[in-house]
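These figures come from a predicted structure and were not determined experimentally. Ligands are counted one by one from 1 in listed order, and the atoms in each one are counted from 1 as well.
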Amino acid sequence: MGAMTEGQPQLLAFAGSLRKGSFNRILLRYAILGAREAGGDVEELGPEHLTLPLYNGDLEGKGAFPEPVEVWRAKIRQCDGLLIASPEYNHGISGVLKNAIDWASRPPNVWSGKVAASFGTTPGAQGTARSQMNLRVCLSAVNVWVVPRTVLIPHAKDAFDANGDLKDPRQVQALTALGRAVVQAARSGLAEI
Ligand SMILES: Cc1cc2nc3c(=O)[nH]c(=O)nc-3n(C[C@H](O)[C@H](O)[C@H](O)COP(=O)(O)O)c2cc1C
């Protein structure tokens, strides 16, 4: 399935962090809200879906992949769009996210023709700016259309209140707008071009 011009776009939302207290996973909530407001059907995938063996060509036996990789690939294949919360590790994306991208890119590349938005937060001042650039390069390689705008949230340790909600309504608004944009992009059919 690729992007659809009509009907309800199917979206997946996930974070490139496995840890329970992930700041990035919290951001998904807002992008999901925006996507649902715009009429998208969103499924959030937890860390269990991104817990895949490290990519190893020897594990690709006769067109079959390890079981968790098959599940991951099927999820990606069946969606129209993606909401990706990406942390920043050493100015790049996390190994977890890169590994998940690599597995799903193996022939047939199940990313092809999807639309995506990515965003992120870090305790530092750059708010994942460098990893977002890195992620865009990887998503282009696998033929994913990425919404040009991103949302970067610096100083993650001060950005959330005691309930774990984002304090700044402008950040909430920006994330929900990004969620809506992915649904619109999926509906536009641009990824079919
Ligand atoms: C190996 C490693 C490298 C990191 N490199 C960076 C970095 O380059 N820039 C940055 O802003 N934060 C960096 N951090 C801090 C992460 O942004 C921080 O751990 C963040 O909370 C991870 O996202 P999460 O909360 O969603 O798990 C790094 C953390 C780790 C574990």
Side-chain angles (χ1 to χ4, degrees), residues 11-36 40 42-56 68-69 71-72 75-76 79 81-104 111 114-142 144 146-179 181-182:
L11 267 52
L12 293 179
F14 54 86
S17 169
L18 302 180
R19 71 186 192 96
K20 284 192 195 76
S22 166
F23 292 123
N24 283 281
R25 191 163 322 109
I26 303 176
L27 301 187
L28 290 176
R29 183 196 308 165
Y30 302 100
I32 290 172
L33 200 68
R36 289 187 177 143
V42 190
E43 181 184 3
E44 182 176 342
L45 300 181
E48 67 282 5
H49 281 93
L50 286 99
T51 304
L52 307 173
L54 281 177
Y55 176 76
N56 176 346
V69 175
V71 172
W72 171 246
K75 288 283 181 196
I76 302 296
C79 81
L82 307 147
L83 300 170
I84 307 173
S86 174
E88 179 170 296
Y89 286 174
N90 298 316
H91 300 184
I93 62 174
S94 66
V96 166
L97 182 53
K98 182 63 164 58
N99 192 48
I101 291 172
D102 292 343
W103 271 119
W111 297 107
K114 313 297 180 186
V115 295
S118 77
F119 42 88
T121 183
T122 73
Q126 306 286 336
T128 75
R130 295 158 297 205
S131 75
Q132 296 303 330
M133 298 306 289
N134 180 220
L135 179 56
R136 278 159 165 67
V137 169
C138 296
L139 291 175
S140 298
V142 297
V144 170
V146 187
V147 174
R149 197 166 63 234
T150 183
V151 180
L152 310 174
I153 299 185
H155 309 302
K157 287 181 180 155
D158 300 321
F160 303 94
D161 66 19
N163 296 323
D165 297 324
L166 267 177
K167 290 181 192 166
D168 186 341
R170 289 168 304 182
Q171 292 175 338
V172 169
Q173 246 173 36
L175 285 167
T176 53
L178 212 47
V182 173

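Comparing P123, S17, G92 by heavy-atom distance to atom 20 (C) of ligand 1, the nearest is P123.
If you run side-chain contact (heavy atoms from CB on, under 4.5 Å) between L82 and each of V182, I76, V115, only I76 comes through.
Protein heavy atoms are found less than 4.0 angstrom from atom 12 (N) of ligand 1.
For ligand 1, one of its N or O atoms has an N or O atom of N24 under 3.5 Å away. Annotation: F23 places an N or O atom under 3.5 Å from an N or O atom of ligand 1; distance criterion only.
The protein atom (non-hydrogen) at minimum distance from atom 6 (C) of ligand 1 is E88 O, 3.0 Å. Of the protein's non-hydrogen atoms, Y89 CE2, 4.6 Å is the one closest to atom 19 (O) of ligand 1. Remark: minimum distance from atom 1 (C) of ligand 1 to any protein heavy atom is reached at N90 ND2, 4.1 Å.
Within the 4.5 Å cutoff, the side chain of L27 has heavy atoms near those of the F160 side chain. No side-chain heavy atom of N134 sits under 4.5 Å from any side-chain heavy atom of H91. Looking at heavy atoms from C-beta onward, I26 lies out of side-chain contact with T121 at the 4.5 angstrom threshold. Looking only at side-chain heavy atoms (C-beta outward), E44 and V42 stay at 4.5 Å or farther from each other. A heavy-atom distance below 4.5 Å is not found between the side chains of D165 and V172. The closest side-chain heavy-atom distance from L139 to I84 is below 4.5 Å.
Residue contact check for ligand 1: A156 places no non-hydrogen atom closer than 4.0 Å to it. Look at H91 and you'll find a heavy atom under 4.0 Å from some atom of ligand 1.
In this pair, F14 and W72 present their aromatic rings perpendicular. The plane angle is above 60°, beyond the 30 to 60° band.
For S22, heavy-atom contacts with ligand 1 shorter than 4.0 Å involve the backbone as well as the side chain. The part of R19 lying near ligand 1 is the side chain, judged by heavy-atom distances below 4.0 Å.
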